[in-house]
Undergrad: 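Next up is a structure, given as structure tokens.
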Amino acid sequence: MAKFSRTWWGDRFIQALEAFTDDGRLQRGRSYARGGKVKSFEIEQNKITAKVKGSINPYFGVYKEPTYNIAIEIKPIAKTNWNEVIQKLSSKASIVSRLLLNEVPENIEDSFSDLGLHLLPHSNKDFKTQCSCPDYANPCKHIAGVYYLVASQLDNNPFLLFELRGLSKAELQSKLANSPLGKALSEELNAKEITLEVSTSFYTKLEKSSVDQKPTAREFWLGTKRLPQTIEVSTQSGVSAILIKKQGDFPAFWQKDNSFIETMEELYQRVKTKNQNLL
């Protein structure tokens, strides 16, 4: 079955629902969401309202296609707890930077779990739902269909997770920006960009400098200091090339009986010392 959500936060929302919701009703809800059964859909803070097309069902006395009213309220996190969460998030530079750059880190839920809280739905107690359909089950397939539309909204706006828990994106970013780490990052983000200058040459410009004493022809060509008569030979070392060492002593392409690495060590040594006597 194709994934309904395209992002990790949308998937996490659905996975959280699947942990405590009847799978059969979720599947019917998914088909409702895909089939365009949801006529209208609105989110305001932590409350979701929708109108969903129902099915004709003579068993329940429904002979015309009905429209059911849906109301979903997600339990908000208390303000005192939000202050604790903000303080926790503000202590982690990687989280502060990504949230201020309009990204939600994948490990965001860990900061909530450390405080005994949850950003994503954790149980059916996080929801207060109501549907005008005659189905006694809660959530019914109509409510489940709205759940999947919420997940699709999360694809476009991951900060909806915070809003559904009672904290707007603007308030979240404002509080993070006022933290020490947030202030430092905000200064960098608001810093003026350096104006790029068009280069007239790809090479470093030559600078003229005055010479007090003109060198003789010999000093010009040979320099004022003599080169050393002998050059110390460095101590022998193994093959430094990682790619060669990774092949091992007998790689697949090596058909000889002797070690491939030993052969390469001998070759490198000959190359290093071949013209040493000419220096």
Undergrad: Should the heavy atoms of other residues, nucleotides or ligands under 6.0 Å from CD of Glu171 be counted, would the total exceed 12?
TA: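 Counting other residues, nucleotides and ligands, CD of Glu171 exceeds 12 neighbours.
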
Undergrad: Would you give the length of the straight line joining atom CD of Glu42 to atom OG1 of Thr49, rounded to the nearest 0.5 angstrom?
TA: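 Reported value, rounded in 0.5 Å steps: 4.5 Å.
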
Undergrad: Considering residues, nucleotides and ligands other than Gln87, do more than 12 of their heavy atoms fall under 6.0 Å from its CD?
TA: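 No, because the 6.0 Å sphere around CD of Gln87 holds 12 heavy atoms or fewer from other groups.
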
Undergrad: For the CD1 atom of Ile48 and the CD1 atom of Ile70, what is their distance to the nearest 0.5 Å?
TA: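 Those atoms lie 11.0 Å apart.
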
Undergrad: Search all heavy atoms of Ala93 against all heavy atoms of Leu181 and return the closest pair with its distance.
TA: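 Closest approach of Ala93 to Leu181, heavy atoms only: N-CD1, 3.7 Å.
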
Undergrad: Is it true that Lys141 and Asp135 have a side-chain N and a carboxylate O under 4.0 angstrom from each other?
TA: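 No.
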
Undergrad: Please round to the nearest 0.5 Å and tell me the distance separating atom CG of Asn46 and atom NZ of Lys75.
TA: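 Spacing of CG (Asn46) from NZ (Lys75) equals 12.0 Å.
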
Undergrad: Can Lys88 and Asp110 be counted as an ion pair, charged N to O under 4.0 angstrom?
TA: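 No, this pair does not count.
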
Undergrad: Answer yes when Glu266 and Arg270 have at least one side-chain N-carboxylate O distance shorter than 4.0 Å, and no when they do not.
TA: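 Between Arg270 and Glu266 there is a salt bridge, with a charged N closer than 4.0 Å to a carboxylate O.
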
Undergrad: Looking at every non-hydrogen atom in both residues, tell me the closest pair between Leu164 and Gln45 and how far apart they are.
TA: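 Minimum heavy-atom separation between Leu164 and Gln45: CD2-O, 3.6 Å.
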
Undergrad: More than 12 heavy atoms of other residues, nucleotides or ligands under 6.0 Å from NE2 of His122: is that the case?
TA: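 Open.
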
Undergrad: So that I know where these two stand, are Tyr147 and Phe127 an aromatic pair - ring centroids less than 6.0 Å apart?
TA: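 Yes, ring centres under 6.0 Å apart.
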
Undergrad: Can you check whether His142 and Tyr68 have ring centres sitting under 6.0 Å from each other?
TA: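 Aromatic pair counts; centres sit under 6.0 Å.
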
Undergrad: Restricting to non-hydrogen atoms, name the atom on Ser132 and the atom on Asn69 that form the minimum distance, rounded to 0.1 Å.
TA: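 Where Ser132 meets Asn69 most closely, the heavy atoms are OG-N, 2.9 Å.
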
